[in-house]
Amino acid sequence: MGKAQNEWNRENVKRITIHLMGKGDADVIAWWDAQPRKADAFRRMVRQQMQTEEAVRWLRENPEKN
């Protein structure tokens with residue numbers, strides 16, 4: 001990788017690492033391993049969670065509309 005690419009990566013890329021336990025998280029690991037595009041799968045999961053949390057927040061703030 002060239003110097004310019006390394007600099008761009010330092011400024012624009014965020015690496016996220018998690019530790020999963022083989023036995024307790026086997027279902028999660030199997031699902032993850034089946035994903036052909038892991039970054040896209042991660043983005044979908046996070047955005048779905050963000051939408052869920054926003055909906056819950058809205059429902060709590062607007063009880064009269066439930």
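Numbering of residues begins at 1 and proceeds along the displayed sequence. Since the structure is predicted, the reported quantities are computational estimates derived from the model, not experimental observations.
- Distance check: Met50 CE to Thr52 OG1 gives 11.0 Å after rounding to the nearest 0.5 Å.
- A single hydrophobic cluster is not seen to contain both Ile16 and Val13; linkage of ILVMFWY side chains at heavy-atom distances under 4.5 Å, directly or through other members, places them apart.
- Here Glu7 contributes atom CD and Asn12 contributes atom CG; the two are 10.0 Å apart, rounded to the nearest 0.5 Å.
- A continuous path of Ile, Leu, Val, Met, Phe, Trp and Tyr side chains, each step under 4.5 Å between heavy atoms, connects Val28 with Ile18, placing both in one hydrophobic cluster.
- No side-chain heavy atom of Trp32 sits under 4.5 Å from any side-chain heavy atom of Leu20.
- Judged as a side chain to side chain contact (heavy atoms under 4.5 Å, CB included), and not counting sequence neighbours, Ala26 has no contacts.
- Within 6.0 Å of atom NZ in Lys65, 12 or fewer heavy atoms from other residues, nucleotides or ligands are found, so the atom counts as exposed in its surroundings.
- Here NZ of Lys38 is found 6.0 Å from CG of Asp33. Values are rounded to the nearest 0.5 Å.
- Atom CG of Asn62 and atom CZ of Arg57 lie 12.0 Å apart (nearest 0.5 Å).
- Looking at every heavy atom in both residues, Met1 comes nearest to Asn9 through SD-ND2, 3.2 Å.
- By the 4.5 Å heavy-atom criterion applied to side chains, Gln51 and Arg47 are not counted as neighbours.
- Annotation for Gln48: atom CD does not count as buried by contact number, only 12 or fewer foreign heavy atoms lying within 6.0 Å.
- Gln35 places a side-chain heavy atom less than 4.5 Å from the side chain of Arg44.
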